[in-house]
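First up is the structure itself, then whatever we jot down about it.
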Protein chains: 2
Amino acid sequence: MTTDAEQGSELRIPLSRERLLRAAIKIADDGGLESLTMRRLAEQVGAEAMSLYYHVANKEEVLDGIAEVVVTEINDVVDRIDLPTAGADWKKAVRERILAARQVLLRHPWAPRVLESRTNTSLAVLRYYDALIGIMHDGGFSWDLAHHALHALGSRALGFAQELFDPSSGAGDPDQTAALQSMAGQLPNLVGMLAEVVHDDPDSTLGWCDDQTEFEFGIDLLLDGLDRMRERT
Amino acid sequence: MTTDAEQGSELRIPLSRERLLRAAIKIADDGGLESLTMRRLAEQVGAEAMSLYYHVANKEEVLDGIAEVVVTEINDVVDRIDLPTAGADWKKAVRERILAARQVLLRHPWAPRVLESRTNTSLAVLRYYDALIGIMHDGGFSWDLAHHALHALGSRALGFAQELFDPSSGAGDPDQTAALQSMAGQLPNLVGMLAEVVHDDPDSTLGWCDDQTEFEFGIDLLLDGLDRMRERT
DNA sequence: ACCTGAACACCGTTCAAGT
DNA sequence: ACCTGAACACCGTTCAAGT
């Protein structure tokens, strides 16, 4: 990882909000959200921490900014999707957008956490939702049903679902499996379920493939349900 | 708000992990999660910050602990629910549990954030999920379908759904409404939807009633979908 | 066994001062 | 107009020392 500071001082790019945001995203991508501090951001960009405050009001603005950049990236990808949206076609169109958004987020694993923590919704997020509403409305949703749909999808609309625990994440870990077995008396159903699920599909814990399967199961459940409601009106 | 420190030093309750966790929950309930610092926790409990480390390894353990306490509270409430679980009755039983869990979380608005940030799933959470799995299995779910169901419900299983933005939260705020109107050209569908949704139900933004309606819409959508899958096997 | 004082390595941020 | 040095008010945490 080379910082801008190291690349020789003869060509010194001036600071700017945009450059700060790009640098902040790189820091979070490389080292996680914890590693994004104002001091490190300054270092990455070859300046002192105090210089940042000339271009940005505070750290909150940095977080607002990187969230907006990521969602703008999502909008760019998603706007290139050209699918019919009328009638029953709404579902495929929405599904493809959501899965495309997810692909972008997989490159920025910190983004869901930042998006959730924003109190001011960025224009980029509003634009993303606006397009989704448009597709649903084309598909025959009333405004009211579209509104319910957005709430029901929640963060899934933007391509992520936070799980409180991954029931099969520890399946490969002997320690964790043993710990769970020792509690089989207290957790009979969980243990029973994991025994079968793991046995059926030993590859289900490799990488994020498993999450991808479950994510698609979840959105299809929701989209199918919404489609039935749409048809009933 | 009185701290234990103020209540006269003649009766000085000794520190303990449990007392720290109770105090930490009080701090977070009263002042939000940001206000929960080790130094303030010590103050609340009438000790120096360094004393905490005798009873607790670090702040992470405090956060793990208060998450566990809240979910234990949920388990206590939920275990008192006595409903039939066989066959089609599974749905009502699960629904009531989830809504009861939600009631507990409404008293601890910081809890969802803490629960999401835990990397070690607490035993209390495992127990909660174990009971849910048991009900579904009684209701005729295969282990595999129960597994999918847990993922699909995600945090909703524990009673909360984080929204990235609340499309109608700013409906009562003239500033925000004006800002949105000025972007009507860019956000035609969002503006159109809000115009109708707000008009239809002017009370939809008061308190968390609105969220409650949408939360129930969301879980019913999921539970109904899952029920159809259950019947097909 | 339980608690503390002094200290360390970090934060975000302000403000007057430099070019 | 843009950047910085010194300083402030906070963090979480360690460690040797007190009772």
Side-chain angles (χ1 to χ4, degrees), chain A residues 3-25 27-28 30-67 110 113-114 117-120, chain B residues 3-25 27-28 30-67 110 113-114 117-120:
Chain A
T3 67
D4 293 347
E6 294 168 39
Q7 68 174 31
S9 55
E10 67 288 343
L11 194 138
R12 173 161 185 167
I13 319 155
L15 290 185
S16 72
R17 207 184 105 98
E18 283 64 41
R19 200 156 85 84
L20 289 187
L21 297 183
R22 283 206 318 274
I25 289 174
I27 291 172
D30 291 348
L33 200 54
E34 328 73 68
S35 69
L36 175 56
T37 70
M38 295 301 268
R39 286 170 147 94
R40 255 196 284 251
L41 177 53
E43 190 187 4
Q44 169 81 14
V45 98
E48 299 299 317
M50 308 78 205
S51 309
L52 307 182
Y53 290 86
Y54 189 82
H55 300 90
V56 114
N58 47 35
K59 189 176 181 180
E60 278 295 286
E61 190 179 325
V62 174
L63 295 174
D64 282 341
I66 61 177
W110 46 269
R113 243 170 316 151
V114 174
S117 68
R118 294 309 81 203
T119 80
N120 297 320
Chain B
T3 67
D4 292 348
E6 295 167 39
Q7 69 174 30
S9 55
E10 66 288 345
L11 194 139
R12 172 160 185 168
I13 320 154
L15 290 185
S16 72
R17 207 184 106 99
E18 283 64 42
R19 200 156 84 84
L20 290 187
L21 297 183
R22 281 207 319 273
I25 288 174
I27 292 172
D30 291 347
L33 199 56
E34 330 71 71
S35 69
L36 175 56
T37 68
M38 295 301 268
R39 285 171 148 94
R40 254 194 287 250
L41 177 54
E43 190 187 4
Q44 170 81 13
V45 98
E48 298 300 316
M50 307 78 205
S51 310
L52 308 182
Y53 290 88
Y54 188 82
H55 300 90
V56 112
N58 48 33
K59 190 176 180 180
E60 278 296 285
E61 190 179 326
V62 174
L63 294 174
D64 282 341
I66 61 177
W110 46 269
R113 242 169 317 149
V114 174
S117 68
R118 297 308 82 203
T119 80
N120 297 321

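Chain A is the first sequence line, chain B the second, and so forth, proteins listed ahead of strands; every chain is numbered from 1.
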*Taking the side chain of A/Ala47 as heavy atoms from C-beta outward, which of D/dT4, C/dA1, D/dC3 is closest to it?*
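Among D/dT4, C/dA1, D/dC3, the one nearest the side chain of A/Ala47 is D/dT4.
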Quick one: side chains of residues 59-67 of chain B, donor-acceptor pairs under 3.5 Å with protein atoms, not counting sequence neighbours, listed by atom name and distance.
from    : atom 1 : to       : atom 2 : distance (Å)
B/Lys59 : NZ     : B/Leu36  : O      : 2.9
B/Glu60 : OE1    : B/Arg118 : NH1    : 3.2
B/Glu61 : OE1    : B/Ala57  : N      : 2.9
B/Glu61 : OE2    : B/Arg17  : NH1    : 2.9
B/Asp64 : OD1    : B/Arg118 : NH1    : 3.0

*In what stems does DNA chain C take part, counting only runs of at least 3 consecutive Watson-Crick or G-U pairs whose two distances fall under 3.5 Å?*
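Consecutive-pair runs (3 or more) involving DNA chain C: C:4-8 with D:12-16, C:12-16 with D:4-8.
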*Please report, rounded to the nearest Å, how far the C1' atom of D/dT4 is from the CD atom of A/Glu48.*
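Going from A/Glu48 (CD) to D/dT4 (C1'), I get 7 Å.
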*asked:* Can you measure B/Leu41 atom CG to C/dC3 atom P for me and round it to whole angstrom units?
replied: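 Value for this atom pair: 13 Å.
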Which atoms form the tightest heavy-atom contact between [X] and [Y], and what is the distance?
{"X": "B/Ser51", "Y": "B/Leu15", "result": "CB-CD1, 4.1 Å"}
{"X": "B/Ala24", "Y": "B/Leu41", "result": "N-CD1, 3.6 Å"}
{"X": "B/Arg40", "Y": "B/Ser35", "result": "NE-O, 2.8 Å"}
{"X": "A/Asn58", "Y": "A/Met38", "result": "C-CE, 4.1 Å"}

_Where protein sits on nucleotides 7-18 of chain D, one letter per nucleotide: B base, S sugar-phosphate only, - none, heavy atoms under 4.0 Å_ = ----BBBB----
*What distance do A/Leu20 atom CG and A/Tyr54 atom OH have between them, rounded to the nearest 0.5 Å?*
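A/Leu20 atom CG to A/Tyr54 atom OH measures 13.0 Å (nearest 0.5 Å).
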*So, does A/Arg113 use its side chain to make a donor-acceptor pair with the main chain of A/Leu33 at under 3.5 Å?*
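It does not hold such a pair.
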*Please state whether the phosphate of C/dA1, meaning OP1 or OP2, lies under 4.0 angstrom from any side-chain nitrogen or oxygen of B/His55.*
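No, B/His55 has no side-chain N/O under 4.0 Å of OP1/OP2 on C/dA1.
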